[in-house]
Structure formats: structure tokens, C-alpha cells
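Treat the numbers as computed from the prediction; the structure is a model and nothing was measured. When a ligand or atom number is given, it counts from 1 through the structure's own listing order.
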Amino acid sequence: MLFAGGLIESRLPILLRTAKLASSVPPPGGGGFRNSHRQMNDVSSAPSESLTEYFPEDLLHVVRENQPLRETLWLGIGGPARFLAEPVEIDQIEKLYTAAREKQLALRVLGKGSNVLVREAGFDGLVIKLSAPATSGLEIQGQKLVAGAGAKLTHAVIKTVGEGLGGLEHLVGIPGSIGAAVVGNVSAEGRDIGSVVESIEIIDEEGKRKTLTGDEAGFAHRQSTLMGTVVLSVAFNLEPKDVSALTKRMQKLWIHRGQRRPSESNRIAMPFIDPDSISACELINSTGLAGIREGDVSLDSAAPHYLIAHENATSDQCVKLIGRVREQVLMQTGIDLQLNLQIW
Ligand SMILES: Cc1cc2nc3c(=O)[nH]c(=O)nc-3n(C[C@H](O)[C@H](O)[C@H](O)COP(=O)(O)OP(=O)(O)OC[C@H]3O[C@@H](n4cnc5c(N)ncnc54)[C@H](O)[C@@H]3O)c2cc1C
């Protein structure tokens, strides 16, 4: 059952860390792997030896080997995943987690790919993509929304606004999934998503499902202690409000957010977390870095908190540009810009 789970009081162990700061950016090719088993698009009838070595029989139909990721990533950069799984049932996620753990395979969860940079060498491990209906449900229960981790954040906003439930409407238009939004505690208009989270169903360090309260998720400015777990679903506690007032507010913010995005390309990322006192946009503008370029990657000149990947952009160029910005901002202002973008 998708949304089941009892409350268990314990601090959340962090199992699967992804790069958080530019200083911990993995080296080029650091996450890479050799394609020693099977070429992409190989259509031989039996699963490869590598697949059967790593995954039990009842998972072979949800895992594929050596799969490209770039098409699913907003930046459109990077090599393949050694294994890519698209589970269609929650139980399969638990089993995948256990298999990866037993075989000591690195594991990452992929939502909508708007906040991930993959290196050209690819990701040497298992990527679990949450996109199937079983992981993307949206269910209203009285004043609550229960959302699957793979559901689009904006769909959750639209659903709740239509039901006259307030608390998520200011997040409309922020790209991505519910799972990633909660892990990264996304925020807009000075209010973060964690403030309306009632409970979160996760897979923990032992590969077991458990439910945490919002308080146990350690929400703080653009972070939580959920990074490294697999978020399965989230229950939001919302407030009944007038539908037309909510709709007006949502529409206004949606238009405003769309207008602020770079118009020249869809291959964009928002690499930095706004510091507490000032927005990353203002900070970068004040240091004269708007529009700077590194090879085929640049900061937008009007909204320089956006990074744009032009044709032929590479992950190295992204990492270099991010490093230059952090260094300059630190030198000129003393503020150490923290990285939002996850580098695999
Ligand atoms: C144009 C643009 C505008 C943006 N505006 C904002 C904004 O206003 N405010 C803001 O806060 N952010 C903003 N962002 C950042 C981005 O939208 C968020 O980080 C978003 O939550 C990413 O969602 P995703 O599903 O695409 O995550 P992905 O890129 O798929 O993954 C991001 C990270 O979350 C992890 N993850 C994903 N799903 C799960 C899960 N179910 N369980 C555990 N871990 C998981 C991944 O492993 C990865 O580490 C913006 C980004 C862009 C490109």
C-alpha cells in the first residue's frame, strides 16, 4: 500500500549522501564505470550476466543496464547510469534498495532531474527513477494532501488550490518532484515546504519503510536530514481557504516565476542556495558576475542565479563556472555560497 506506515521515533540516519558543496564535487570521471558487459541498445534476449549478478529474478524486468540519463536531466549533460530502475510498485523500491545494499552498489533516486548534474563518465551504480503511477499519486484526505514522491510539485499545488486548501500555492512553477522538494526543503516567497509537512514515508538505512513526523525530518533553510534516504510519500497538513483567492495568488506567482526564467534555453539549473540575508541573484549581480561564461556554460545576464548549458556544454565547464562564482563571491563579500545542484 502506497501511503501506509507507522510513526517511529528515531533520528534519521543518513545513508546515501550526494555532493552538497562545491568543495566536495567528485573528480571528473570519479563516478564513472567501464562498459564491460553490455552495449546500450543491445537487444539480445537474455538479461546480461551483470544484471543477474546484481539483481534477483523478480527485479530483472524493472532494471536496465547502461542507460542514458541526459535526456531526463534539465541540463542535458552526462553519461549513462550503470543500472537504471523504474519500479512500478513500492515493494520493488524496497527490494531494489536491499539488492543495492547487499551488492554495495551506489544508489541515487531520480525525481524530475532539474537539480542534478551527471558527469560524462556516467554514474557507476543504481539509479531509481520514480515516475510510475504507484509513486506519483495525489490524494486529498480532508485537510490533507498525501502525495507520492514522484508526483510533480506543481501538480500537487494545482490539486490543492482546486480543493480550496492553502499552504503550497506559493511553490507553483518550481520544477521537480515532491520527493526532491521535501529532501531539499524547497522554498519561495520566504516560506519553505517543510512548514506544511505532517509526515514522510521513507526507506531508511536498513532498507525498511518507516514514517517520520515533519519534526523528525530536520527541516532547516533549504535542507533536511532526509538526504540519503528514499522518500516514498509525503502528507501535507493544509488550511481551508477561498478557492478563487488561492487561484489568483497561484496564477500571479506562476506568471511572475515564468517571466524570471532565462528565455534563451530550457537547459537551465539553479545551482546555489539563497543565503539567509540576500538572494543568490542579488549577490551575484552585486559582484559583477552576471553573464559570465566558461566554455559553453554561462550565467544568465538578467537572472544570474540561473546557469545555462549551451550546445556542447560539459559537466567540467559547469563545475568550473560554479567554482569561479563561489570563489569570487567569497572574496568580494565573505559569503560562502552553498551548492543546491547535486553532482553525481
Ligand atoms: C528553473 C528552476 C527554478 C527553480 N526554482 C526554485 C525555487 O524557486 N526554489 C527552490 O527551492 N528550488 C528551485 N529550483 C531547484 C529545484 O527545482 C529543486 O531542487 C527541486 O526540488 C528538484 O526536484 P527534482 O525532482 O527535479 O529533483 P532531482 O533533480 O531529480 O533530484 C535532486 C536531488 O533530490 C534527490 N531525490 C529526488 N527524489 C528523491 C526521493 N524521492 N527520495 C530521496 N531523494 C530524492 C536526488 O537524489 C537528488 O539528490 C529551481 C530549479 C530550476 C531548474
CA sep, side-chain torsions, deciding dist, call: Asp124, Arg119, salt bridge (Lys or Arg N to Asp or Glu O under 4.0 Å): CA-CA 11 Å; Asp124 186 7; Arg119 295 300 210 147; over 6 Å; no
side-chain hydrogen bond (donor to acceptor under 3.5 Å, both in side chains) between Gln328 and Thr287, worked out: CA-CA 8 Å; Gln328 278 299 317; Thr287 49; over 6 Å; no
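When side chains are defined from C-beta on, Val325 does not count as touching Leu307, because their heavy atoms never get closer than 4.5 Å. Contact check for Glu86 versus Arg64: side-chain heavy atoms found under the 4.5 Å cut-off. At a threshold of 4.5 Å between non-hydrogen side-chain atoms, the residues Gln92 and Leu59 count as touching. Here the side chains of Pro87 and Ile128 are in contact, with some heavy-atom distance below 4.5 Å.
Residue contact check for ligand 1: Arg108 places no non-hydrogen atom closer than 4.0 Å to it. Look at Ser187 and you'll find a heavy atom under 4.0 Å from some atom of ligand 1.
The shortest N or O to N or O distance between Val230 and ligand 1 is not under 3.5 Å.
The local environment of CG in Asn266 is sparse, with at most 12 non-hydrogen atoms from other residues, nucleotides or ligands closer than 6.0 Å. Within a 6.0 Å radius of CD in Glu71, other residues, nucleotides and ligands contribute more than 12 heavy atoms.
Residue nearest to atom 20 (C) of ligand 1, selected from Ala181, Gly184, Pro175, Ser177: Pro175 (by heavy-atom distance). Here the shortest heavy-atom distance to atom 34 (O) of ligand 1, taken over Ser114, Gly176, Ala180, belongs to Ala180. Comparing Val109, Leu232, Val186, Thr72 by heavy-atom distance to atom 40 (C) of ligand 1, the nearest is Val109.
Without hydrogens or angle criteria, Gln342 side chain to Asn340 main chain gives a donor-acceptor distance under 3.5 Å. Between the side chain of Asp296 and the main chain of His310, no donor-acceptor pair closer than 3.5 Å is present. Checking side-chain atoms of Gln143 against main-chain N and O of Leu238 turns up a donor-acceptor pair under 3.5 Å.
With ligand atoms numbered from 1 in the order given, ligand 1 contributes 41 (N) to contacts under 4.0 Å with heavy atoms of Gly179. With ligand atoms numbered from 1 in the order given, ligand 1 contributes 19 (O), 22 (C), 29 (O), 32 (C) to contacts under 4.0 Å with heavy atoms of Asn115. Residue-ligand proximity, Met270 to ligand 1, at heavy-atom distances under 4.0 Å covers atoms 3 (C), 4 (C), 5 (N), 6 (C), 13 (C), 14 (N), 50 (C), 51 (C). Proximity to Leu110 (heavy-atom distance under 4.0 Å) selects the following atoms of ligand 1: 30 (O). Short contacts between ligand 1 and Ile268, defined as distances under 4.0 Å to a heavy atom of the residue, involve ligand atoms 1 (C), 53 (C). Near Arg261, the atoms of ligand 1 lying under 4.0 angstrom from a non-hydrogen atom of the residue are 1 (C). Atoms of ligand 1 lying under 4.0 Å from any heavy atom of Thr229, numbered from 1 in the order shown and given with element: 42 (N), 43 (C), 44 (N). Of all atoms in ligand 1, numbered sequentially from 1 with element shown, those under 4.0 Å from a heavy atom of Trp344 are 47 (O).
If you look at Leu130 next to ligand 1, the close heavy atoms, those under 4.0 Å, all belong to the side chain. Contacts between Gln342 and ligand 1, counted as non-hydrogen atom pairs separated by less than 4.0 Å, involve the side chain only. With a heavy-atom cut-off of 4.0 Å, Val183 touches ligand 1 through its side chain alone. Counting heavy atoms under 4.0 Å from ligand 1, residue Arg257 does not touch it at all. For Ala149, every heavy-atom contact with ligand 1 shorter than 4.0 Å involves the side chain, none the backbone.
One hydrophobic cluster holds both Leu253 and Leu165 under the rule that ILVMFWY side chains link at heavy-atom gaps under 4.5 Å.
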